[in-house]
Amino acid sequence: MTDGTVVPLRRRRVIGLLAALALLVLLLLASIAVGSRDIPFAGVLDALLHDTGEGDAYVVWSLRVPRTAVLLATGIALGVAGMLIQALTRNPLADPGILGVNAGAALFVALGIAVFHLSSPGQYVWFSFAGALLATVVVYAVGSAGRGSIDPIQLTLAGVTLGSILFGVVSAMTLLDRHTFEQMRNWNAGSVASRGWDVLLPVLPFLVAGVILAIAVAGPLNAIALGDDLATSLGVHIGRTQVIVVVAVTLLAGGATAIAGPIGFVGLMAPHVVRWIVGPDQRWILGGTLLLAPALLTAADVVGRTVMRPGELPVGIVMAFVGAPILVLLVRRRRVSAL
């Protein structure tokens, strides 16, 4: 009886991951092919294999490959951060922004623009990252409140409260300074336009470190889902696991926000869909999220480049339009919503 239940689940998991991988590859190719200048798939493959530095090859290697790499890295970071924060707080509706990451990043970006007159993503990426780190440290200090482990409810309340306060400060700053308002408007929309290697590479080591930490805690998170007492009896150090999760979420969500601005729904939706396919095992959820989250973000960016050609909609706006109704359908399914 056990074999009859385990084998179909394992097969479904493998098929689901392979389908997500195929979808991701196709969407990455579409991201390279679609734009104000259409390039057929044959031309994309030829340009990828033969970098002549002109024509289609120039467009592919200088503009679209860096942008696609940014989409891939940002999608992975947001998705894995969402998976971790949902597991930590045992709340299937939790989002990376729940730790105040977006609010802290927004405050420091606003300060960088208003005080230091920064104007490009490559200049204020470090301000964004520093703000995300500082906000998470404050939220963690309140959430732990001197105890050995984190109280998920207190952590959530601290993150929401701090986020509201910081976003209020940012709103006041943007209303008082027109230059800050113009710059923050572009950043707040959540966009990967004009993002390339100069923005991605400095943050990439932090994203890689965050993914490695996520892989390390996926197993212990399965035990913690059974309850703190049982997890402790199984040899899991709950406090250490929680700290690692908070650090990983900060690195991933902070890095992604620094690169592309605040983008919602990716870290919320991807783990939901993956959990529906592979079940509650966090190790499989992590593997599926690594594939599905960047696929979702890339699909949204391709749609944004298509619907308003030759202009484009920021990917954050597309995710909001598409993500909201899909999320409503997902949370109505008990199997998807339950952790």
Side-chain angles (χ1 to χ4, degrees), residues 66-67 69-82 85 95-140 159 162-174 177 179-211 246-267 297 301 314-317 319:
R67 178 172 182 154
V70 167
L71 286 167
L72 180 64
T74 304
I76 289 174
L78 291 173
V80 175
I85 197 63
D95 181 83
I98 203 172
L99 291 184
V101 172
N102 292 348
L107 176 63
F108 272 56
V109 168
L111 288 172
I113 293 171
V115 177
F116 299 99
H117 306 291
L118 306 181
S119 58
S120 70
Q123 292 177 325
Y124 52 67
V125 61
W126 291 111
F127 280 79
S128 175
F129 199 51
L133 287 170
L134 182 60
T136 309
V137 168
V138 173
V139 171
Y140 172 77
L162 181 66
S164 300
I165 294 172
L166 295 184
F167 274 128
V169 175
V170 172
S171 298
M173 292 177 63
T174 55
D177 184 76
H179 174 69
T180 305
F181 173 78
E182 292 294 331
Q183 294 293 325
M184 288 296 296
R185 182 181 61 180
N186 296 329
W187 185 82
N188 273 328
S191 174
V192 294
S194 303
R195 268 51 163 194
W197 301 119
D198 61 323
V199 178
L200 175 61
L201 292 180
V203 184
L204 189 59
F206 299 98
L207 302 184
V208 172
V211 172
V246 171
V247 171
V249 171
T250 304
L251 293 174
L252 293 167
T257 305
I259 293 171
I263 298 176
F265 291 103
V266 179
L297 190 64
D301 187 58
V315 64
I317 294 177
M319 280 304 308

Using the rule given for side chain to side chain contact (heavy atoms under 4.5 Å, CB included), can you reason through Phe129 versus Leu251, listing the C-alpha separation, both sets of side-chain angles and the distance that settles it, and then say yes or no?
CA-CA 8 Å; Phe129 199 51; Leu251 293 174; 4.1 Å; yes
Of the non-hydrogen atoms in Ala135 and Gly100, which two are nearest, and what is the gap between them?
CB-O, 3.3 Å
d(Ser191 OG, Arg67 CZ) to nearest 0.5 Å is 6.5 Å
Taken to the nearest 0.5 Å, the spacing of Leu162 CG from Ile98 CD1 works out to 12.5 Å
Only one of Leu99, Asp95, Val80 clears side-chain contact (heavy atoms from CB on, under 4.5 Å) with Ile85; which?
Leu99
Does any part of the side chain of Thr136, heavy atoms only, come nearer than 4.5 Å to the side chain of Val249, both counted from C-beta?
no
Heavy-atom closest pair (Ala77 atom, Leu207 atom, distance to 0.1 Å) is CB-CD2, 3.9 Å
Shortest non-hydrogen pair, Gly82 vs Pro96, comes out as N-CG, 3.7 Å
Going through the distances and angles, do Val192 and Leu297 end up as a side chain to side chain contact (heavy atoms under 4.5 Å, CB included)?
CA-CA 10 Å; Val192 294; Leu297 190 64; 5.5 Å; no
Ala248 to Gly210 - nearest heavy-atom pair and separation
CB-O, 3.8 Å
Please work out whether the ring planes of Phe127 and Phe116 are parallel, tilted or perpendicular, with thresholds of 30° and 60°.
tilted
Under a 4.5 Å cut-off applied to non-hydrogen side-chain atoms, are Thr257 and Ser128 in contact?
yes
Less than 4.5 Å apart, side chain to side chain, heavy atoms only: is that true for Val70 and Val199?
no
Taking the side chain as everything from C-beta on, heavy atoms only, tell me whether Thr74 gets closer than 4.5 Å to Arg195.
no
Could you report the tightest heavy-atom contact between Thr174 and Phe181, atom names first, then the distance?
O-CB, 3.3 Å
Just checking Phe167: does its CZ atom have more than 12 heavy atoms from other residues, nucleotides or ligands closer to it than 6.0 angstrom?
yes
Kindly indicate whether the side chain of Leu134, heavy atoms from C-beta on, has any atom under 4.5 Å from the side chain of Leu107.
no
Could you report the tightest heavy-atom contact between Ala73 and Leu204, atom names first, then the distance?
CB-CD1, 4.5 Å
